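Fair warning: this is a prediction, and the values are worked out from it, not measured in the lab. In what follows, chains carry the letters A, B, and so on, assigned in the order in which the sequence lines appear, proteins first and then strands, with residues in each chain numbered from 1.
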Protein chains: 2
Amino acid sequence: MPKSPSPPAFETGLNGVESEFVRFFVNLATALGMPRSVGEIFGFLFSADSPTAFDEVVARLGISKGSASQGLRFLTQIGAVSQVYMPRDRRTFYEAETRMRQLFSNALRESVRPHLEGNSRLVASIESRIDEEAETLGSEAAEHFRARAASLRGWNEKALQLLPLLDKLFSLPAPFLPFQLNETGSSEETGP
Amino acid sequence: MPKSPSPPAFETGLNGVESEFVRFFVNLATALGMPRSVGEIFGFLFSADSPTAFDEVVARLGISKGSASQGLRFLTQIGAVSQVYMPRDRRTFYEAETRMRQLFSNALRESVRPHLEGNSRLVASIESRIDEEAETLGSEAAEHFRARAASLRGWNEKALQLLPLLDKLFSLPAPFLPFQLNETGSSEETGP
DNA sequence: CATTTGGTTCAAGAGTTTTTGAACTAAATG
DNA sequence: CATTTAGTTCAAAAACTCTTGAACCAAATG
């Protein structure tokens with residue numbers, strides 16, 4: 001019989017509270033079109049009170065090493081999780097980014113912004129297509145298409161401009177939220 | 001040979017410009033985790049210069065009636081497309097909502113807000129789970145979990161508060177965007 | 001009132017994404 | 001240097017999502 005010098009050490013399965021956290025983030029992840037396992041991992045790490053080893057993520061969540069490896073890599077890439085090196089332990093430990101402001105900024109920078117920039121290019125290719133085919137289309141149709149493309153471009157640019165502002169707003173301490181932006185006239189805020 | 005009293009009437013396939021619009025919205029749709037066909041339909045309607053019949057959507061895009069039916073229903077539900085009744089024509093015509101402000105508001109109201117509200121409930125259930133299991137967990141662990149849950153709650157509420165503001169900002173004419181929101185003190189804008 | 005037209009529904013097929021687990025690499029350990 | 005441990009990779013299986021098309025319903029038409 002082989003000796004068991006270091007007992008596998010961690011429980012298997014989650015306690016009730018941990019599974020509620022996991023549920024929350026699984027829900028969020030799927031809403032954002034991410035794999036369930038990514039939600040599980042982040043939820044588990046978010047609920048942990050100290051950095052947690054790869055091993056333990058696998059054992060406690062009961063997912064495969066493959067899923068854990070890929071999920072952790074992904075979460076690390078998007079800056080939602082970071083590696084923590086623990087002295088005297090060869091394993092890699094992981095920690096969730098719990099500062100939501102950070103998470104939010106990362107998401108804006110890593111996902112939203114690149115997409116909007118991609119859109120800009122796509123709008124440009126719509127516009128050049130209109131120019132190319134203007135003859136064939138006739139000037140009325142061409143004008144119509146140009147107007148639609150211009151609207152797309154306008155809104156995409158606006159979104160791009162709004163990005164840094166959004167970032168700031170989100171990191172503003174709650175009592176500062178500028179809720180009286182009411183120079184626009186419409187006053188629907190003052191409830192019954 | 002059967003007579004052909006009313007020739008099927010519309011071309012099949014899209015012209016170059018139309019397919020660029022479609023490409024744009026297919027890209028957007030998949031980024032948002034929606035079916036490709038939804039992107040196709042919206043893109044096609046967005047490029048159209050007048051309300052378009054179900055028939056024509058099917059024929060021009062070359063998709064099945066099933067996809068068109070479901071896609072149009074979905075788009076109608078989320079307020080991205082509306083039905084237009086045309087006198088003397090029994091078919092239903094559809095028109096894309098081209099006012100991006102509207103589209104954006106609809107999305108906020110129909111998708112983002114409900115999700116955030118769902119989150120509120122999930123946070124509540126995390127919190128009640130902590131209370132239930134407080135004994136078993138020990139006070140230290142319970143305190144830790146409560147802190148994490150509180151952070152979740154806080155950010156979720158902030159997001160919820162920010163929603164109407166966001167809506168307003170997005171509908172603000174471009175030159176008005178309040179880019180000097182700098183009373184917060186932190187000045188990281190002035191480059192190296 | 002039989003037929004055509006416009007459209008919906010839904011089961012089955014096609015396609016995609018996620019997860020698994022076994023094979024593997026690399027570093028540490030004895 | 002043989003073994004154990006930590007983690008990655010990737011092909012195949014499982015799960016899921018989307019699309020199709022045939023059956024169907026309801027309203028209009030002749």
Side-chain angles (χ1 to χ4, degrees), chain A residues 1-10 22 25-27 29-42 44-45 51-77 81 83-94, chain B residues 2-10 22 25-27 29-42 44-45 51-77 81-94:
Chain A
M1 177 196 296
K3 63 184 160 120
S4 56
S6 50
F10 18 79
V22 169
F25 285 104
V26 164
N27 175 69
T30 57
L32 297 173
M34 290 167 179
R36 170 191 178 81
S37 62
V38 164
E40 294 180 293
I41 295 169
F42 187 82
F44 176 58
L45 293 178
T52 305
F54 183 89
D55 269 40
E56 190 168 350
V57 173
V58 170
R60 302 284 308 279
L61 286 171
I63 62 181
S64 67
K65 289 202 291 175
S67 282
S69 178
Q70 293 182 181
L72 284 166
R73 175 162 26 150
F74 172 75
L75 286 166
T76 303
Q77 276 169 2
V81 151
Q83 298 187 341
V84 176
Y85 292 95
M86 298 293 255
R88 332 207 103 267
D89 198 318
R90 181 141 93 79
R91 295 169 302 170
T92 315
F93 285 69
Y94 294 90
Chain B
K3 62 183 160 116
S4 56
S6 49
F10 17 80
V22 169
F25 285 104
V26 164
N27 175 69
T30 58
L32 297 173
M34 288 167 181
R36 171 190 177 81
S37 62
V38 165
E40 295 180 293
I41 296 169
F42 187 82
F44 175 60
L45 293 178
T52 306
F54 181 90
D55 269 41
E56 190 168 351
V57 172
V58 169
R60 302 284 307 281
L61 287 171
I63 62 181
S64 67
K65 289 200 291 175
S67 283
S69 178
Q70 292 181 180
L72 284 166
R73 175 163 26 147
F74 171 75
L75 286 165
T76 303
Q77 275 168 1
V81 150
S82 51
Q83 299 187 340
V84 177
Y85 292 94
M86 298 292 255
R88 329 210 104 268
D89 197 320
R90 180 141 93 80
R91 295 170 301 170
T92 315
F93 285 69
Y94 294 89

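Across the protein-nucleic acid pair, A/R36 atom CZ and C/dT18 atom C1' stand 11 Å apart, rounded to whole Å. If you measure from atom CG of A/L61 to atom C1' of C/dT19, you get 14 Å, rounded to the nearest angstrom. Atom P of nucleotide D/dA28 and atom OH of B/Y85 are separated by 12 Å, given to the nearest angstrom. The separation between B/Q83 atom CD and C/dT8 atom C1' is 13 Å, rounded to whole Å. The distance from atom CE of B/M34 to atom P of D/dT19 is 13 Å, rounded to the nearest whole Å. Atom CZ of B/F74 is separated from atom P of C/dT9 by 16 Å (rounded to the nearest Å). Remark: C1' of C/dT18 and CD of A/E40 are 11 Å apart, rounded to the nearest angstrom. Atom CG in B/L75 sits roughly 13 Å away from atom P in C/dT8 (whole-Å rounding).
In this structure, A/F93 and A/Q83 have side chains that are not in contact, with every pair of non-hydrogen atoms separated by 4.5 Å or more. Within the 4.5 Å cutoff, side-chain heavy atoms of B/I41 are placed close to those of B/I63. Counting only heavy atoms from C-beta outward, the side chains of A/F25 and A/E40 never approach each other to under 4.5 Å. With contacts defined as side-chain heavy-atom distances shorter than 4.5 Å, the pair B/F54/B/T92 does not qualify.
The nearest pair of heavy atoms linking B/F44 to B/V22 is N-CG2, 3.7 Å.
Checking A/V38 against A/K65, the closest nucleotide of DNA chain C that is more toward the 5' end is the one next to A/V38. For A/F93 and A/Q70, each mapped to the nucleotide of DNA chain D holding its nearest heavy atom, the one lying further toward the 5' end belongs to A/F93. Nearer to the 5' terminus of DNA chain C, by closest-nucleotide assignment, is the contact made by B/Y94 (compared with the other of B/Y94 and A/I63).
An OP1 or OP2 oxygen of C/dG7 is reached within less than 4.0 angstrom by a side-chain nitrogen or oxygen of B/T92. The side chain of B/S37 contributes no N or O atom lying less than 4.0 Å from OP1 or OP2 of D/dC18. Between A/S67 and C/dT20 there is a side-chain polar atom (N or O) within less than 4.0 angstrom of OP1 or OP2. The side chain of A/R73 places an N or O atom within less than 4.0 Å of a non-bridging phosphate oxygen (OP1 or OP2) of D/dT9.
Comparing C/dT5, D/dA6, D/dT19 by their nearest atom to the side chain of A/D55 picks out D/dA6. Nearest to the side-chain atoms of B/F54 among the listed nucleotides C/dG6, D/dT19, C/dT8 stands C/dT8. Closest approach to the A/S69 side chain among D/dT8, C/dG7, C/dT4 is made by D/dT8 (side chain taken as heavy atoms from C-beta onward).
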